[in-house]
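Please read the structure below before turning to the comments.
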Amino acid sequence: PVGSLVEFDFARAMNVSVEHTVEALPEEESEDENGEDMERLAKRVSHHFINRKNIAVKVEVQPLVVPYRWSAPDIKRASQRSERKNGDPLWVITIPAGGESWLSYEIRSRSLD
């Protein structure tokens, strides 16, 4: 649609990989304004980046939450500071040449249904 944001991937980095782990966290009890139970999303996410290139590489990490289904993500206990891109959290991670980097955070959101 007109006015929507679009992003393109122009290249894939060879010799750079990432391992993800996602763990569900205990959900907190909450109710909406009508006293009905609200569905909540709560996860602990970890990324392990490995760079086998002989130059440093930057990667962007942005948690995706379906905007019409879930509220804006609330980030807790992040191992690195995030920036904002289009109103959502964004991490720019530099993976050193021949090295590794890690990012972990907890993400919480609530259903808009």
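Only heavy atoms go into these numbers, but all of them, side chains included; no hydrogens, no water, no symmetry mates. Position 1 is the first residue of the sequence; numbering continues from there. What you see is a predicted model; the values in this text were computed from it and never measured.
When atom types are taken as modelled, the side chain of N51 and the backbone of I95 share a donor-acceptor pair closer than 3.5 angstrom. Listed for the S79 side chain is a donor-acceptor partner under 3.5 Å among the backbone atoms of S104.
A donor atom on one side chain and an acceptor atom on the other are found under 3.5 Å apart for E100 and H48.
In this structure K43 satisfies the side chain to side chain donor-acceptor pair (under 3.5 Å) test with no other residue, sequence neighbours excluded. Under the rule for a side chain to side chain donor-acceptor pair (under 3.5 Å), the partners of E106 that lie at least two apart in sequence or sit in another chain are R44, R77, R108.
Proximity of F49 to V57: side-chain heavy atoms (C-beta onward) are nowhere separated by under 4.5 Å. Residues V45 and I107 form a side-chain contact, since some pair of their non-hydrogen atoms from C-beta on lies under 4.5 Å apart. With a 4.5 Å cut-off on side-chain heavy atoms, R84 and P89 count as touching.
Atom-to-atom distance recorded for D74:CG and S109:OG is 8.5 Å, nearest 0.5 angstrom. Going from atom CD of Q80 over to atom OG of S101 covers 7.0 Å, rounded to the nearest 0.5 Å. Separating the CD1 atom in I93 from the NZ atom in K58 is a distance of 11.0 Å, to the nearest 0.5 Å.
Applying the ring pair (Phe, Tyr, Trp, His ring centres under 6.0 Å) rule to pairs touching residues 77-99 yields W91-Y105, sequence neighbours excluded.
Residue L90 is found in a hydrophobic cluster whose other members, listed by chain and number, are V92; membership requires side-chain heavy atoms under 4.5 Å apart, directly or through intermediates.
The shortest heavy-atom contact between S17 and R52 is OG-NH1, 3.5 Å.
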Q: Mind running side-chain contact (heavy atoms from CB on, under 4.5 Å) on I50 and E19 for me, showing each step along the way?
A: CA-CA 8 Å; I50 303 165; E19 299 170 356; 4.0 Å; yes

